[in-house]
Amino acid sequence: LSGRGDLYTNHWAVRIAGGAQQADRIAAKYGFRNLGQIGSLEDQYHFHHSRVVRRTAFSLKGLHSFIHMDPKVDWAQQQVVKTRVKR
Amino acid sequence: HASFSDPNAIHFNDPKWSNMWYIHCNNKNSRCRSEMNILAAWQRGYTGKNVVVTILDDGIERNHPDLAQNYDPVASYDVNGNDHDPTPRYDTRSENIHGTRCAGEVAAAANNSHCIVGIAYNAHIGGIRMLDGDVTDIVEAKSLGIRPDYIHIYSASWGPKDDGKTVDGPGLLTKQAFEQGIRKGRKGLGSIFVWASGNGGRQGDHCSCDGYTSSIYTISISSTTENGNKPWYLEVCSSIMATTYSSGEYNERRIVTTDARQRCTDAHTGTSVSAPIVAGIIALALEANRLLTWRDVQHLVVKTSRPVHLKAEDWKTNAAGHRVSHHYGFGLVDADAMVLEATKWRTVPPQHTCSQIAELHTRHIFAGQSLNSSLTTSGCSGDTEQHVGYLEHVVAKVLIVHPRRGDLEMNLISPSGTRSQLLAKRVYDSSNEGFRNWEFMTVHFWGERPEGMWTLEIIDSPSKLRNPEVLANLKEWTIILYGTSQNPQQHYSAQQSQSRMLVVPSPELILEEPEVQEEEEEEKEEEEYTGLCHSECGDQGCDGPDADHCLNCAHFSLGSLKSGRTCVSHCPPGHYGDIVSHRCKRCYKGCDQCVGRSAGDCLSCQRGLYLNTLNSSCINTCPLGHFADEDQRQCLKCHETCTMCLRYADRCTSCSEGYSLAGMTCVPECTNGTFFHLEEMTCSPCHSSCRTCTGLGKEDCIQCAKGYLQQEWRCVQTCASGYYAGEAAGLPHKICHRCEDNCLCCSGPGPTCTKCKAGYSLISRTCIVNASCNNADEVFCEMVKSNRLCERTFYSQFCCRTCLMNG
């Protein structure tokens, strides 16, 4: 990974109020699968989109991108791979 | 149990015990390096019992002979594989050995003839596998948020690249996970995060650019070599709190630990070694005092760590008297001092936060020059909620635009004149991003008073030619002061004097034996005095008006001829009135009030000692089943459910037969299928799906009842669609494992799907999206078919289904 910019994955962090069912509905609407709440962070959900390529050097656009504009979505972030080295 | 009376006599039968030079001095022909005092802490009986530590890394070999005994599945998870088994992925290049090496340092079992002895060799050890895959903000946040009410200490020995040009740290979710862990973890006491300070084996970096070690929520640990030298790999920075031994030059001894594939190794190096050592030491301290908050632990580290023989040119004493360095923080950790202080610790006053934005007069930073920006603060003394009177962490949040970030050095100078380097030049960093509200944290001002002028000094010294027209600009900087409004030192000193009393260097010096002195006295005659005598004088009159002129005493005489004798109505503390001789005689040493001179005649004890009601003697440590009551200075019995308690009868640290510890309360050991309901104080039944549980709800199962399987955090009778039932190592019940993506029914891992989700077709037991792709032309499909690409999920999106269906 060294020497290059961000690497985008097909995972999203999404904050949606209204509970898990609401999150499921919104996930399905844009082709995501809701993998559940992120630990104990309230209203923060882990979405996965199997039709977006797993790793790309840029953020692919498509139907799924509209989730960022959904009024019920407070916040959404496509996950990038972080380089972590062992000490 | 080995006999602890003579530390050098301790010997465990673990094959590498003799190599553990950093714990004992058994190896007579080389220098003793046991200043971390781990053995002394064991000698006090602290080995990490009932404390839970987990390692965030690339997995943990839970069946390693030295880890299996202490392995705790409830403190483990595989975030990369999304299941409960953190066993590392084995590959030819042995990439995933790091977590197992860290785990051994913390809790390798003792005296089991395998490998080594962990620092907390009776602690629970778990592993969170999260480095062996794409590490994202979600992965880190999930890892840090696993079972915060069960796991006490999270240890991490990884971080951003150390290439000297990266500035990176926790993402938004991970920051939230830190804050949540601090606020709610350990039932409100705060999770403990221990982090290896920012080395990584390359040069030219500065660990202030590692956002994990620069967080106030993490305890950043540095390394020194056996001889107290700076290891070649070490990065310096102002957020380092303490140091442990680690590997050094080829001729210096190394740390030994467990290795993957059930082996041992001394190849574990760098600060990756140091974080787990401190995690183990904190486990000992938590065993000594369960009530320590996350800030108490940091105060303990600051108070007990010290420079010893660590060599650094930048050691300085801050205005609160703490010795501190950018290399080693407050110095080498001291396990014995930690557990001793922990037993007497009183929670520090609440944390206050006071922040202030600097008013900028000049903003430009000219190449080759420096810019100073100062601000004056009262420490928010006007607001009782924010007032910081005594500092803990100080953060400078800086927004700088700069054409070549690596040319910058920054220092922060406190009102007391202490200087802390927040950033050093980084010659490899040619980024033009500047610093966007990056938070530089320092612990160098710990204990100082914040009132006065703070100065941020920015030095710009180009390492290459730069375009002079592109100016650097300090846009904004904010100082954030963390600390307490009251002086935690007073809190310390109260204990300090106690501890000094508790540890009396030579009893003879302070308390003489009374009989010996007094028998030597002779009385002398005085010349005639005719005035009134003191009221305490007896019937033989006096030769002066004061009580020390009496010829005999109405009540008692105090003192000796040599030191001067006087008459008193009653004897002072440490003495009792002997009715026969009418003299104040000393009590037995340590007694404050007594009825006689023998050890069993004490009625109350001097400060720091406690009356053992069993034999009326004064002792500094109460017998088993008793606690030291500070007010009455007596050893009082623990609650009958406790075998050991702390400060109060019902603050238990170990329980009687039939009871188990819940927090610091001993609750009846409930039989399987029940749990102790704290509010109702009875054993209440678990949910029918649980075999053991921590509460009423379906999510509170620890183990599932017979006939149930664990799915995510619940127990179910049958796995939901998309899951298959499989074995779970270390658990008495099966677990529902997730089928492959888009699969509704499968029989096991990998391509075993028997039914797909809508919109997918089953092809060679894997689910392929069946979207028709009307733009696939014959040639393309032929290519796909001839190369059998359809069998690889990645290409399945090229509409293989259509091609196949068309034969």
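Protein chains get the first letters and strands the later ones, always in sequence-line order, with residue 1 at the start of each.
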Problem - Any A/Arg87 side-chain heavy atom under 4.5 Å of B/Asp210 side chain - result: yes
Problem - Atom group of B/Tyr77 that falls short of 4.5 Å from chain A, counting heavy atoms - result: neither
Problem - Any A/Glu42 side-chain heavy atom under 4.5 Å of B/Gln176 side chain - result: no
Problem - From A/Lys86 atom NZ to B/Arg101 atom CZ, the distance as rounded to the nearest 0.5 Å - result: 10.0 Å
Practice task
Among B/Ile146, B/Asp168, B/Val139, B/Asn742, single out the residue with the greatest number of heavy-atom pairs under 4.5 Å to chain A.
Solution key: B/Asp168
Exercise for the section: Identify which part of A/Ser40 has an atom lying under 4.5 Å from any heavy atom of chain B, answering side chain, backbone, both or neither. Expected result: both
Practice task
Between chain A and each of B/Pro160, B/Ser223, B/Gly181, B/Gly145, count heavy-atom pairs under 4.5 Å; write down the option with the most.
Solution key: B/Pro160
Problem - B/Asp134 and A/Arg84 ion-paired at < 4.0 Å - result: no
Handout entry: Side chain A/Gln44, main chain B/Leu173, donor-acceptor under 3.5 Å
Key = no
Handout entry: Heavy-atom pairs under 4.5 Å with chain A, option from B/Ala156, B/Ser157, B/Ala275, B/Ala141 with the top count
Key = B/Ser157
Exercise for the section: Give, as side chain, backbone, both or neither, the part of B/Ser274 having an atom under 4.5 angstrom from any heavy atom of chain A. Expected result: neither
Practice task
Answer with side chain, backbone, both or neither: which region of B/Leu172 has an atom nearer than 4.5 Å to a non-hydrogen atom of chain A?
Solution key: side chain
Problem - Interface moiety of B/Glu179 toward chain A, non-hydrogen atoms closer than 4.5 Å - result: neither
Problem - Heavy atoms from other residues, nucleotides or ligands near NZ of B/Lys698 exceed 12 (cutoff 6.0 Å) - result: no
Handout entry: NZ on A/Lys82 to OG1 on B/Thr166, rounded to 0.5 Å
Key = 11.5 Å
Practice task
Output the residues of residues 63-77 of chain A for which the shortest heavy-atom distance to chain B is under 4.5 Å, in residue-number order; output 'none' if no such residue exists.
Solution key: A/Trp75, A/Gln77
Handout entry: Proximity breakdown for B/Arg738 and chain A, heavy-atom pairs closer than 4.5 Å
Key = side chain
Practice task
Measure the spacing between CD1 of B/Ile138 and OG1 of A/Thr9 and express it to the nearest 0.5 Å.
Solution key: 7.5 Å
Handout entry: Residue pair A/Leu41 / B/Lys142, side-chain heavy-atom distance below 4.5 Å
Key = no
